[in-house]
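A short worksheet on the structure shown next.
All values below come from the heavy atoms of this structure, side chains included, with hydrogens, waters and symmetry mates left out.
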Amino acid sequence: MGFLGRFLLWKPLCCRKTTRPTDHQAFSLMADQSSKHQQERDYVFLMRGLKELDFRGPCVPSDLVLTGDHAFPLAMNSQGQVPIAASLYGCGRIVVLGHEGYLTAFPALVENALTWLRGDGSDNVSVAVHKDVRAVADNLSKSSFQVEVVEAFSNNLGIGVYVTDAYSVGEDPKDLVAFLKAGGGVLIAGQAWSWAEVNPKQNALLRFQGNKVCGVAGIYLSERHCGVECLPVYPQIPSSWMAVILGKNFEDDLEFLLEGISEFDLQGGALASEVLVHGPLAFPIGTTDDGRVFLAGAYYGQGRVIVVSHEGFLGRETLAPFWNNAIYWLDEGRQGVVGVGLDHAFGILQMSGLQCEKTNFREDLSVFVCAAYSDAYVEEIQHFVAEGGGLLIGGHAWWWAQTHQGQNPLTDFSGNKILNKMGLSLLGATIGGGTYKAPVPSEAVKDSYHFRQLLRRFAGHVTEGQELTQMEEEHLKKLGKDCSTFLKMQAHDCSSYRQVVSSLTDIVMKSGMPQVSESCPVSSPRDHLLLNVGTEVFKVCPDPDALLPYLIKDNPLLPVVYNQRIRINVNTKGGLEWISTGLYLSAGMKTYIAIPADIINNGWKIQIGCQTDFLAANELKRAPCVHENFPITSEMMQVWNLWGGLIYLVAPPNTQVNGVEVIVQMAVPAPYYKSGVTTAADWSLLRTAPAPWAELEFENIILTVPSEVVRGLDRPDVLAAHWDTIMRSIADLAVVPHKFPRKERFVTDVQISHGWMHAGYPVMTHKVTAGELVSVEHAKTNGLWGPIHELGHNQQRSCWEFPSHTTECTCNLWSVYVHEEVLGINRAQAHPAMTLAERQKRADEFVKGGRNLSSWEMWVALETYMQLQERFGWDAFKKVFAAYHQMSNFPNDNKGKMNLYAETFSQTVGMNLCGFFKSWGWPIEESTEEKLSNLPPWTDHPMVQYG
């Protein structure tokens, strides 16, 4: 059954805009027609006509290590090892066989490879074969290729493809690499394990001759043996969780880089980014005590890279010994020119003794040093490193992420456009200053966290029951977070990325995702990981519909409506605004939304889900993130959310749109009441709508609650009048117009990020309070202290706030005001802390404690304002707030702001209140007392009793 067939049609009489189910067919014509990735097409071409490849026999191949975007395996054994692979470099193509014997063992594969290597549309059938593998030429004698056996590669051959073993490319095969880069094809075969046995202290990745060619394209012949089996030829590029491996032991690199280094001094005001180390040839160098990386290295092609997550550290003298080691590691003994693109780093790097020049990027450098904020030379720098250069790059991504809302730092940040292919990424997460111990190389290799290594171990744990160590268990939560981040790279054309996606999909399908809920919370690192991974892998896996039953097991069929038209009239002078649609998507359900031209590429988004808090708690009653945002970039948007949710249009600030319509192809109707629009007859049916979340939209506030709490709501108009009165009274005290520039929102949730409720847009509160929000009787009997407290937070202004003293204090002015003026509940009954006895006790203790301003917080601070209110009334506060509306150029410090408040309140009531405020420990200055000296003092204030 197709996805549409899983849903029923819900067509109550009130849904006059509902059309026949067949009307949605026009949308279906616009569905995404996905095609195979180019690598998949290349794989099918290379393996055409082959049923199996029998690697059993005398040949013992090298296991190939694949990195970068373009390398992909052609075969993979049961251990995830790769004996043959292909890749692209520049305009050219390369096929690598893990043993030279395969050049003759698989003649059909070789012919396919030669055809593919000469490039699409090329008519050059000339193939040069190195003399040491002349048997290939013999096998091709009856083919359509023009084959020539040669002593060595030469630029003058005029060939399309060059065939060689891995031992005959020479010590410096620059011409062959240039041939490949310019569009030539290379077929190279050999193993590196015997070379490594003879050269045990040599770096096979860089020093073995064959790797000087194929390594440039992201395929390395490793010193590891590849297990031999008879392998079937799969219809798609083979993958296995076992292939998610580290390509090297980095102990020797760390020993070189950390010689003489005991710690990294990151003290000071510089705020660094966290680095995600995800490549098979990437490794952490410097980490915080809890394992977050700020300094890392990698091999890329024939070159090397080091990234530090703030460019300021490159000029820090205390780090000079490390930079000295780093420059020599990157230079690899060439004694070449170090090009420095950062002025503040030049002096430090000159201390290395190598020749340093201030310069932009040049191809003739040995090492290039730069910041991560420019994408002017992305491809040139990548080729420079791939062909043997060194790169030292510094920068952070957190500021970019904060200032580019809606964009993906993994893919859009300039530095990551360079670094992602190298197995390193700068994240939006921050690392503060401090002094961090340098790792011990042998211990770091054995015990430190590495993304790929732990992912492979966890996959083995899930699929084969392999036991994890205690340290590995402790790192699972971080692995889940890193997997979630890595998947956001969305590098679907990269074989390495697809390998991880495949592995994570296998993990989720094998283990299932925890069915987290209020009655079934999760707290183990394993379950945290699966919740993080399940959510993200659903977005990027090739077949999310097939994965959905493993993620959401209780997913009831809900009736749907089709082609719903939503008219938009909005003026967002109050800031970003959610526009309710009254529609809902079930878990994993997809729909199309037709978008008018007015709002395309203008900062608008579609949001699925109202619960926008990100949860970082150890015990979770829902997944950490259960909403999705889709920037509106085209006239037809497909949207979905694994967790389902109400559908919103999100309008950017300072936007005015009138009368445009969006059309939602298919969705579940939700109980949705809007004052002045929804009639009593409409509501009698709408309150039975099947979506699990309902919205009640009134004059100045929107309540989002579980649908069950509104099923029995007979008179939403009475509730609307109740909330309209409350919101107008909030406006009255704040001295702002009754019509809010943006309606407040309350959203209930099974769990929120902090507290019982918290302010913001929306105000978040726990689900159990939903019944109180929609009950007039409850409000008038028991009050609404918490909700009004949060709405008071949203009225606070920094000019008359003194954080942290009044952060949880002055918002309660609205709580007291609304309870007394609207709900008819006096302050002593509105909250237990507001009884006369409790108030007197707090004042007594404050005085006994020495009237220290440090203890003037929350309820104690509120008593100051209550004493003012009881003497001067609410009108005095309104006049004070009104006076602040007319001011500008406010002090930034608490002392200055407190003096301004004392002056403003005194002037408003015509009485010198300096003595009163001083009795509460306020730092009243002589200049303030002089300004108010002409006013009569308040001599009988409540604090006089304390002397």
Side-chain angles (χ1 to χ4, degrees), residues 566-583 599 603-607 609-613 627 645-660 662 670-678 683 686 693-705 710 713 716-749 757-765 769-770 772-774 776 779 784 786-797 811 814 818 822:
I566 311 299
R567 184 173 291 273
I568 301 173
N569 295 295
V570 67
N571 184 355
T572 57
K573 59 184 179 181
L576 174 147
E577 190 170 328
W578 300 1
I579 301 165
S580 301
T581 66
L583 299 171
I599 66 175
W604 287 67
K605 298 177 184 177
I606 299 167
Q607 178 173 301
C610 55
Q611 286 87 4
T612 53
D613 270 6
H627 76 287
L646 292 168
I647 304 174
Y648 300 92
L649 278 298
V650 181
N654 303 312
T655 297
Q656 188 166 357
V657 170
N658 292 306
V660 302
V662 301
Y672 175 48
Y673 176 89
K674 186 171 183 178
S675 295
V677 176
T678 309
W683 179 246
L686 276 172
W693 292 96
E695 290 203 315
L696 304 170
E697 181 170 349
F698 305 141
E699 179 185 51
N700 281 314
I701 195 167
I702 304 168
L703 308 176
T704 307
V705 295
V710 305
L713 181 63
D717 56 324
V718 174
L719 182 65
H722 163 72
W723 273 104
D724 290 349
T725 304
I726 289 174
M727 298 305 293
R728 289 172 188 172
S729 71
I730 287 173
D732 285 340
L733 182 56
V735 197
V736 295
H738 279 177
K739 178 64 176 174
F740 282 34
R742 176 180 70 182
K743 296 181 182 185
E744 296 277 19
R745 279 186 176 272
F746 266 89
V747 172
T748 56
D749 197 354
M757 301 181 186
H758 69 74
Y761 183 82
V763 175
M764 294 298 303
T765 181
T769 66
E772 301 171 6
L773 294 175
V774 300
V776 178
L784 289 169
I788 308 304
H789 170 98
E790 303 305 340
L791 291 171
H793 270 306
N794 286 355
Q795 292 299 325
Q796 288 173 320
R797 295 186 62 201
C811 52
W814 278 266
V818 170
V822 177

If you compare all heavy atoms of [X] against all heavy atoms of [Y], which two are closest, and at what distance to 0.1 Å?
| X | Y | result |
| --- | --- | --- |
| Leu719 | Leu773 | CD1-O, 3.9 Å |
| Ala759 | Glu790 | N-OE1, 3.0 Å |
| Thr748 | Ala770 | CG2-CB, 3.9 Å |
| His793 | Cys811 | N-CB, 3.4 Å |
| Cys610 | Val747 | O-CG1, 3.7 Å |
| Gly574 | Pro741 | CA-CB, 3.8 Å |

Separation between [atom1] of [X] and [atom2] of [Y], rounded to the nearest 0.5 Å:
| X | Y | atom1 | atom2 | answer |
| --- | --- | --- | --- | --- |
| Tyr648 | Leu583 | OH | CG | 11.0 Å |
| Asp732 | Thr725 | CG | OG1 | 10.5 Å |
| Ile701 | Ser675 | CD1 | OG | 11.5 Å |
| Trp578 | Leu649 | CH2 | CG | 13.0 Å |
| Ile606 | Thr581 | CD1 | OG1 | 10.0 Å |
| Leu576 | Tyr761 | CG | OH | 7.0 Å |

Check whether any side-chain heavy atom of [X] sits under 4.5 Å from a side-chain heavy atom of [Y], and report yes or no.
| X | Y | value |
| --- | --- | --- |
| Leu733 | Gln795 | no |
| Pro671 | Leu686 | no |
| Gln611 | Trp693 | yes |
| His789 | Met757 | no |

Should we say atom NZ of Lys739 is surrounded by more than 12 heavy atoms from elsewhere, each under 6.0 Å from it? yes
Looking at Gly760, is its backbone amide N or carbonyl O close enough to the side chain of Asn794 to form a donor-acceptor pair, meaning the two atoms are under 3.5 Å apart? yes
Got a donor-acceptor contact below 3.5 angstrom from the Thr572 side chain to the Pro652 backbone? yes
Can you name the one residue among Glu697, Glu695, Glu577 that meets side chain to side chain donor-acceptor pair (under 3.5 Å) with Arg745? Glu695
Identified side chain to side chain donor-acceptor pair (under 3.5 Å) counterpart of Glu699 within the set Lys743, Arg728, His738: Arg728
Working note: Leu784 + Ile726, criterion side chain to side chain contact (heavy atoms under 4.5 Å, CB included); need CA distance, chi angles, decisive distance, verdict. CA-CA 10 Å; Leu784 289 169; Ile726 289 174; 4.1 Å; yes
Under 30°, 30 to 60°, or over 60°: which ring-plane class applies to Tyr673 and Phe698, parallel, tilted or perpendicular? perpendicular
Should the pair Phe746 and Trp723 be assigned to parallel (<30°), tilted (30 to 60°) or perpendicular (>60°) ring geometry? tilted
Residue of the set Ile579, Ile647, Thr612 for which side-chain contact (heavy atoms from CB on, under 4.5 Å) holds with Gln607: Thr612
Stepwise side chain to side chain contact (heavy atoms under 4.5 Å, CB included) test for Val677 and Tyr672: CA-CA 10 Å; Val677 176; Tyr672 175 48; over 6 Å; no
